[in-house]
2 protein chains.
Amino acid sequence: MTIMDRLVTASEALFDRHGFTATGMDKLTKGTGISSRTLYKHAGSKNALIARVLGERDKRFARRLEVESIDALFKALEDWVRVEGRRGCLFLRALGETGGDTPEINEAVLAHKARVAERIAVLVERDNGREDPMLVEQIIVLFEGATAAAVYRGEQAVVAARQSAAILMAGARS
Amino acid sequence: MTIMDRLVTASEALFDRHGFTATGMDKLTKGTGISSRTLYKHAGSKNALIARVLGERDKRFARRLEVESIDALFKALEDWVRVEGRRGCLFLRALGETGGDTPEINEAVLAHKARVAERIAVLVERDNGREDPMLVEQIIVLFEGATAAAVYRGEQAVVAARQSAAILMAGARS
DNA sequence: TTCAAAGTAAAACGATCATTTTACATCGTC
DNA sequence: GACGATGTAAAATGATCGTTTTACTTTGAA
């Protein structure tokens with residue numbers, strides 16, 4: 001395991017648990033076991049570290065979404081929530097904490113959201129045999145809503161999203 | 001306009017725009033035009049101010065949701081988003097920034113979410129003539145998803161949520 | 001075995017954090 | 001016209017912020 005892997009993995013957990021701004025460099029050095037000198041040599045700055053954490057999380061999340069149907073997509077989200085916790089979308093949280101004033105973070109967030117939206121578009125077309133931008137938008141909302149509502153409603157929010165998606169997909173098919 | 005009104009109104013805008021942790025007391029005193037001495041005399045602490053801001057926002061939001069149908073509820077959300085902006089749910093953002101470690105903030109957030117969920121439950125029953133917990137859960141997810149997705153998809157996310165809700169409501173009616 | 005690379009530990013940087021305090025101005029009211 | 005209440009301005013508190021630097025250790029290859 002490289003220094004960068006340790007750094008990103010442990011930092012992600014800290015950011016997710018305590019928030020980005022509230023997680024200071026001292027908590028990062030203690031939590032990762034990496035000195036601030038080394039941390040800055042590798043990451044450059046705290047914002048760059050955040051952007052990198054988001055980038056790696058995006059990859060990990062995308063791997064989970066390598067499925068063959070919209071229904072499987074929501075099952076995958078159920079799994080994700082079960083093993084990774086329900087603290088809401090870390091990307092939107094980063095955006096909210098920074099007010100959109102940090103370009104490197106903005107880029108990471110928008111790239112992630114674009115990737116998920118594209119994945120949904122592909123699966124909608126695969127399931128129903130044709131493009132359907134309105135339906136894609138609806139599935140995006142359900143996906144985002146499941147993630148956010150799970151914070152206070154629990155896993156049942158994801159189940160409800162999956163059921164809703166099935167109904168909307170079937171309705172668009174006929 | 002009382003000191004407290006000025007304080008809460010201006011603070012809410014600052015928190016919403018820049019985030020809670022990133023908005024320091026100096027920005028609050030300058031942004032509200034209220035000295036730190038008076039601020040502390042009225043609010044007690046920054047966390048108490050945050051809780052109060054959330055409480056007032058909850059009231060304002062609830063007033064907007066005084067409608068007669070699920071469809072009107074999503075129309076109301078469209079209006080809210082148009083005039084108040086699309087920076088995501090300020091309550092969930094507060095929760096995320098504090099990691100759930102601030103009891104007064106937790107309470108304000110959970111009270112708000114419980115209130116909205118109850119409103120949705122009432123409207124679902126009014127529209128369809130019977131209780132339907134699963135459908136309520138689905139509408140909650142759509143409502144939350146519209147708020148979150150609007151951050152990067154724009155108002156069309158709310159429109160998509162409204163369309164989805166109409167389909168789910170109609171499907172449950174038959 | 002020596003040298004450069006890469007790490008830690010810890011101090012220092014100036015800025016900013018939330019909060020309290022000191023000193024002073026502006027009130028409406030008795 | 002004196003008084004308590006209520007506000008501002010500004011300094012002080014000690015802690016913590018992100019970042020850099022200094023001094024020292026470890027390590028792997030020439």
Side-chain angles (χ1 to χ4, degrees), chain A residues 1-55 93-106 108, chain B residues 1-55 93-106 108:
Chain A
M1 216 194 198
T2 71
I3 285 266
M4 200 66 219
D5 288 342
R6 261 207 299 156
L7 180 54
V8 166
T9 303
S11 299
E12 181 182 355
L14 290 170
F15 289 143
D16 187 40
R17 172 63 184 81
H18 301 288
F20 294 92
T21 315
T23 303
M25 293 308 294
D26 63 327
K27 281 173 194 162
L28 285 173
T29 55
K30 273 162 191 160
T32 61
I34 291 168
S35 68
S36 82
R37 196 184 206 282
T38 304
L39 194 156
Y40 272 90
K41 186 151 290 187
H42 283 80
S45 71
K46 188 188 175 186
N47 281 335
L49 174 61
I50 292 175
R52 194 180 279 264
V53 163
L54 293 178
R93 288 171 59 197
L95 206 62
E97 285 205 35
T98 55
D101 296 329
T102 314
E104 26 194 349
I105 293 177
N106 293 0
Chain B
M1 215 196 199
T2 71
I3 285 266
M4 198 68 219
D5 288 341
R6 261 208 296 156
L7 180 54
V8 167
T9 304
S11 300
E12 181 183 353
L14 291 170
F15 289 143
D16 187 39
R17 171 63 182 83
H18 301 288
F20 294 92
T21 315
T23 302
M25 293 309 293
D26 63 327
K27 281 174 194 162
L28 285 173
T29 57
K30 273 163 192 160
T32 61
I34 292 167
S35 68
S36 80
R37 197 185 203 279
T38 305
L39 194 156
Y40 273 90
K41 186 152 291 186
H42 285 79
S45 70
K46 188 187 175 186
N47 280 336
L49 173 62
I50 293 176
R52 194 180 279 264
V53 162
L54 293 179
R93 287 171 59 196
L95 206 61
E97 285 206 33
T98 56
D101 296 329
T102 314
E104 26 193 353
I105 293 177
N106 293 359

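To find a chain, count down the sequence lines: A is the first, B the second, and so on, and within it residues start at 1. Everything numeric in this text was worked out from a predicted model, so none of it was measured. The figures that follow rest on heavy atoms only: side chains count, while hydrogens, waters and symmetry mates do not.
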**Message:** Short of 4.0 Å, heavy atom to strand atom, which residues of residues 8-25 of chain A count as contacting DNA chain D?
**Reply:** A:T23, A:G24, A:M25
**Message:** Run the side chain to side chain donor-acceptor pair (under 3.5 Å) test against B:T21 and tell me which residues pass, sequence neighbours left out.
**Reply:** B:E97
**Qualifying residues under side chain to side chain donor-acceptor pair (under 3.5 Å), relative to A:T38, sequence neighbours excluded** = A:S35
**Request:** Could you note down all residue pairs passing salt bridge (charged side-chain N to carboxylate O under 4.0 Å, His left out) where residues 9-19 of chain B supplies at least one of them, sequence neighbours left out?
**Result:** A:D101-B:R17, B:E12-B:R57, B:E12-B:R60, B:D16-B:R87, B:D16-B:R93
**Selection residues 21-45 of chain A - residue pairs positive for salt bridge (charged side-chain N to carboxylate O under 4.0 Å, His left out), sequence neighbours left out** = none
**Asked** Any idea which heavy atoms bring A:T32 and A:A10 closest together, and the distance?
**Response** CG2-CB, 3.6 Å
**Message:** Ignoring hydrogens, what is the shortest heavy-atom contact between A:A48 and A:A43? Give both atom names and the distance.
**Reply:** CB-O, 3.1 Å
Report the distance from atom [atom1] of [X] to atom [atom2] of [Y], rounding to the nearest 0.5 Å.
{"X": "B:R6", "Y": "B:M1", "atom1": "CZ", "atom2": "CE", "value": "8.5 Å"}
{"X": "A:I105", "Y": "A:L95", "atom1": "CD1", "atom2": "CG", "value": "8.5 Å"}
{"X": "A:T9", "Y": "A:L14", "atom1": "OG1", "atom2": "CG", "value": "11.0 Å"}
{"X": "B:I34", "Y": "B:I3", "atom1": "CD1", "atom2": "CD1", "value": "4.5 Å"}
{"X": "B:L28", "Y": "B:L7", "atom1": "CG", "atom2": "CG", "value": "7.5 Å"}
{"X": "A:F20", "Y": "A:L54", "atom1": "CZ", "atom2": "CG", "value": "5.0 Å"}

**Request:** With sequence neighbours left out, write down each residue that passes side-chain contact (heavy atoms from CB on, under 4.5 Å) with A:A22, or none if nothing qualifies.
**Result:** none
**Prompt:** Does B:A51 have any side-chain contact (heavy atoms from CB on, under 4.5 Å) partners at least two apart in sequence or in another chain, and if so, which?
**Reply:** B:E104
Using whole Å, what does the distance between atom [atom2] of nucleotide [N] and atom [atom1] of [X] come to?
{"X": "B:K41", "N": "D:dT8", "atom1": "NZ", "atom2": "P", "value": "11 Å"}
{"X": "A:K27", "N": "D:dT16", "atom1": "NZ", "atom2": "C1'", "value": "9 Å"}
{"X": "B:D5", "N": "D:dG7", "atom1": "CG", "atom2": "P", "value": "13 Å"}
{"X": "A:D26", "N": "D:dA15", "atom1": "CG", "atom2": "P", "value": "14 Å"}

**Asked** Where does DNA chain C form stems of at least three consecutive Watson-Crick or G-U wobble pairs, each pair having both distances below 3.5 Å?
**Response** C:1-12 with D:19-30, C:14-17 with D:14-17, C:19-30 with D:1-12
**Prompt:** When you list every nucleotide of DNA chain C with an atom under 4.0 Å from a heavy atom of chain A, which one comes first 5' to 3', and which comes last?
**Reply:** C:dG7 to C:dA10
**Asked** Got a sec, which pairs hit side chain to side chain donor-acceptor pair (under 3.5 Å) with one end in residues 44-53 of chain B, sequence neighbours left out?
**Response** none
When you compare the protein's N or O atoms with those of nucleotides 20-26 of chain D, which come within less than 3.5 Å of each other, and at what distance?
| residue | atom | partner | partner atom | Å |
| --- | --- | --- | --- | --- |
| D:dT20 | O4 | A:S36 | OG | 2.9 |
| D:dT22 | O4 | A:R37 | NE | 2.9 |

**Prompt:** Going by number, which of residues 45-54 of chain B have a non-hydrogen atom under 4.0 Å from DNA chain C?
**Reply:** B:S45, B:K46
